[in-house]
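Working notes for the structure below.
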Amino acid sequence: MASNVAITSSEFTPLDTLSASGAFRPLDIQFAKFIATQETAAEKNVVAVFAALVSHELASGHVCVDLAAARHHRLWSKPDMAALGHWLFSEENLASLNLAVTVSDGSKATPLVLEDGRLYLYRYWQYEKDVASLIHRLGRPQAVQDEKRALLDSLFTPPFEMLLAQAGQYQDRTDAEVQDYLADALDIVDGAQIDWSAAIYAFRNGESLSAHVPVSACLNWQKVAAAVALTRRFTVISGGPGTGKTTTVARLLAALVSHEDIPPVIKLVAPTGKAANRLTESIGNAVKSLPVSDEVRANIPVQASTIHRLLGAVPQRVGFRHNARNRLHLDILIVDEASMVDQPLMASLLAALPDKARVILLGDKDQLASVEAGAVLGDICQFVDDGFSERQAKTIGELTGYNLSAFNAGRYPVSDGLCLLRKSYRFHARSGIGQLAYAINDGQAGKVASVFEVGFEDIAYREMDADAYQAAIELVVDGYRPYLNLLKANAEPEMVLEAFARCRLLCALTEGPFGVAGLNRRIENALVSKGLLKPGEELFYPGRPVMVVQNDHGVGLYNGDIGITVMTENGLRVMFDQPDGTVRAVLPSRLPPHQTAFAMTIHKSQGSEFDNVVMVMPTEFSPVICRELIYTGVTRAKKRLDIFAGRKVFEKGIRERVERYTGLASLLAK
């Protein structure tokens with residue numbers, strides 16, 4: 001911003017400058033004009049421009065305009081906007097916000113609210129207040145029954161039997177290698193309590209290690225997370241891929257339903273249909289392996305739904321059937337993929353909870369924030385490294401048997417309801433995907449380059465050029481060959497869908513040769529040239545994958561649902577996986593808005609996982625590329641990841657972080 005430009009409001013018309021810049025939407029301009037009609041002449045221009053800025057930032061995911069940060073907004077770096085930015089942030093104009101009739105501190109209903117240097121639309125200010133208030137209320141300590149300690153011990157038993165089965169593979173290893181293996185497998189954090197000579201001797205001779213490993217020497221963060229959730233009615237369990245969030249919550253639910261005369265009503269939800277299906281599958285698998293009675297297992301639901309379906313979305317209306325005046329009927333609510341939940345939806349969900357309900361949010365704090373405004377999970381997880389209060393550390397220690405004295409420096413009450421799962425059970429030291437994800441989160445391109453140089457077998461990077469672009473297409477064609485061969489062999493739709501889900505091409509953009517539109521066309525053409533597809537003149541043809549891009553409650557399909565077009569005896573149908581494991585056939589004409597899904601954006605891939613991921617990034621940088629986007633794309637891969645990207649774009653993306661302006665963290669700190 002050019003700070004040496006002097007200008008007065010009489011020399012130009014601010015709204016005309018905004019309109020001419022092309023940086024603001026027509027909606028932003030119209031809102032600004034409306035505010036101008038409500039204001040006195042003295043404040044009209046200033047408040048109108050700030051109103052446009054609030055509307056503009058809301059479209060970018062910001063709940064508010066942080067006035068201190070907005071001085072340096074990239075908008076004012078444009079030559080035609082520099083003078084406006086300099087004029088707008090003069091001390092006189094900032095002071096005039098406090099005099100405006102359309103601005104208040106929230107004590108009365110005005111279109112704009114100014115609080116603590118942040119300017120909001122009233123509605124979003126209220127959402128933020130409601131979320132913070134409900135989290136504080138739900139976060140108060142809860143008494144824990146004495147028998148829960150024994151339950152946690154039985155549900156989180158160290159894997160002694162698994163170690164005995166592995167002992168034969170370590171007979172020729174050195175004592176140091178065996179010690180490292182045991183320390184990792186048993187989550188040992190205080191090796192001084194272990195007689196390692198005796199423990200290693202027992203291990204080599206097929207004897208149980210239970211007598212050699214005291215509970216106080218270990219620290220299993222899954223068990224800690226379950227204990228935290230027992231002590232609070234609002235809990236956040238965050239962790240990266242493979243840290244066992246759903247495994248943890250399945251065991252937690254077993255602890256909550258055990259020894260209860262009346263089983264609690266439990267609901268499982270996720271933001272999208274695809275994420276709900278994944279939660280159904282993962283929680284179902286976890287419940288099957290629980291060391292509990294059939295009676296306890298029967299009281300743990302495995303069927304998940306979308307948040308919108310739980311709340312009762314009403315077509316053509318913003319609100320829900322369930323709200324603060326018509327509460328949900330439940331005792332425990334599990335919300336998976338919570339990073340995707342925007343602030344308005346979180347406010348609606350928390351407001352609809354019964355007073356004595358317990359809510360557990362699951363999610364990866366390092367993933368992309370919600371598409372709409374807010375970053376609720378990220379705001380809450382700003383406190384996750386703060387540690388527990390002394391009282392909470394003692395309580396958790398008593399429940400788990402662990403020594404948490406190193407984590408008792410917590411200063412904020414909200415911290416006592418948070419737990420970060422720190423150990424990945426999917427990605428070990430031999431996993432390039434896991435190491436790459438950690439390096440990306442550090443934000444240092446040099447560390448990321450070092451990971452690729454190690455030579456891990458599950459990751460590969462190739463500098464993007466014309467040859468690499470074609471190689472990426474060919475790699476995806478090979479990945480899709482199995483599902484198309486199954487389709488030709490008239491295999492069951494379940495098998496076709498499962499085969500298609502093993503591979504996916506992810507990209508950062510929607511348009512252009514490096515975006516979804518261009519890549520879908522090129523992949524389709526490549527499949528045709530290989531004889532794997534035979535599209536006709538019609539839009540739908542056997543083998544065409546489609547992704548729903550808009551919720552349709554009447555049809556029962558939701559944003560992110562993916563289906564495969566199949567020729568049946570009744571004609572073409574699009575087959576969709578259902579949460580219960582069945583497949584549903586839908587007429588193409590009944591589909592909600594949708595698009596071809598050979599390629600999909602990384603944003604749309606949230607809540608999904610694929611065995612093999614091919615990630616394509618452009619050769620020119622785009623503002624949508626950031627660390628969170630790259631991390632999210634990388635962590636969609638379970639077994640194999642191939643990245644094709646311009647090196648400068650990739651490295652700059654790793655350094656760029658998404659910052660959502662909200663006041664939620666400040667409210668939670670109070």
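These numbers come from a predicted model, not from an experiment.
- Considering all non-hydrogen atoms of both residues, Ala250 and Val287 come closest at CB-CG2, 4.2 Å.
- Side-chain contact check for Leu420 versus Trp221: every heavy-atom pair is 4.5 Å or farther apart.
- For Arg391, the CZ atom sits in a loose shell: 12 or fewer heavy atoms of surrounding residues, nucleotides or ligands are nearer than 6.0 Å.
- In this structure, Asn205 places its CG atom where more than 12 heavy-atom neighbours from other residues, nucleotides or ligands lie under 6.0 Å away.
- Here the straight-line distance linking atom CG of Leu268 with atom CD of Gln303 works out to 8.5 Å at 0.5 Å rounding.
- Counting heavy atoms from C-beta outward, Leu230 and Val228 have side chains that stay 4.5 Å or more apart.
- Rounded to the nearest 0.5 Å, atoms OG (Ser293) and CG (Leu290) are 10.5 Å apart.
- Residues Leu486 and Ala499 share a closest heavy-atom pair of CD1-CB, 3.6 Å.
- In terms of heavy-atom proximity, Tyr631 sits nearest to Pro241 at OH-CD, 3.4 Å.
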Can Arg640 and Asp611 be said to form a salt bridge (Lys or Arg N to Asp or Glu O under 4.0 Å), step by step? CA-CA 6 Å; Arg640 173 75 189 184; Asp611 286 350; over 6 Å; no
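- Residues Pro271 and Met340 come closest through the heavy atom pair CG-CB, 3.8 Å.
- Taking all atoms of both residues into account, the shortest heavy-atom contact from Arg327 to Asp355 is NH1-OD1, 3.2 Å.
- More than 12 heavy atoms of other residues, nucleotides or ligands lie within 6.0 Å of CE in Met575, so this atom counts as buried by the packing criterion.
- A cation-pi arrangement is absent between Lys638 and Phe610 under the rule of less than 6.0 angstrom and at most 45 degrees off the ring axis.
- Cation-pi geometry between Arg232 and Phe234 is not met at under 6.0 angstrom from the ring centre and within 45 degrees of the axis.
- Donor-acceptor pairing under 3.5 Å is lacking for the side chains of Glu628 and Gln367.
- With rounding to the nearest 0.5 angstrom, the OG1 atom of Thr632 is 3.5 Å from the CG atom of Leu368.
- Leu333 pairs with exactly one of Ile266, Leu349, Ile360 by the side chain to side chain contact (heavy atoms under 4.5 Å, CB included) rule, that one being Leu349.
- Residue Lys604 places its NZ atom among more than 12 non-hydrogen atoms of other residues, nucleotides or ligands, all under 6.0 Å distant.
- The heavy-atom pair separating Arg149 from Leu399 by the smallest distance is CD-O, 2.7 Å.
- More than 12 heavy atoms of other residues, nucleotides or ligands shown are found within 6.0 angstrom of CD on Glu398.
- Within the 4.5 Å cutoff, side-chain heavy atoms of Asp458 are placed close to those of Ser431.
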From CA spacing to verdict: salt bridge (Lys or Arg N to Asp or Glu O under 4.0 Å), Glu337, Arg278: CA-CA 10 Å; Glu337 297 291 350; Arg278 274 200 59 235; 3.6 Å; yes
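- Residue Glu161 qualifies as open at atom CD: its count of foreign heavy atoms under 6.0 Å is 12 or below.
- The aromatic rings of Tyr170 and Tyr181 lie parallel to each other, their planes meeting at an angle below 30°, with 60° marking the opposite boundary.
- Atoms CG and CD1, on Leu361 and Ile334 in that order, are 9.0 Å from each other to the nearest 0.5 Å.
- Contact annotation: the side chain of His259 approaches that of Leu151 to within less than 4.5 Å [non-hydrogen atoms, C-beta and beyond].
- A donor and an acceptor atom, one from each side chain of Gln222 and Thr247, are nowhere located under 3.5 Å apart.
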Before giving the answer on salt bridge (Lys or Arg N to Asp or Glu O under 4.0 Å), spell out for Lys356 and Asp331 the whole-Å C-alpha distance, their side-chain angles and the decisive distance to 0.1 Å. CA-CA 7 Å; Lys356 294 185 179 180; Asp331 300 300; over 6 Å; no
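- In this structure, Leu219 and Leu404 have side chains that are in contact, with non-hydrogen atoms separated by less than 4.5 Å.
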From CA spacing to verdict: ring-ring contact (aromatic ring centres under 6.0 Å, His included), Phe388, Phe407: CA-CA 6 Å; Phe388 303 119; Phe407 302 93; 7.5 Å; no
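- Both the sub-6.0 Å distance and the 45° axial angle are not jointly satisfied by Arg573 relative to the ring of Phe576.
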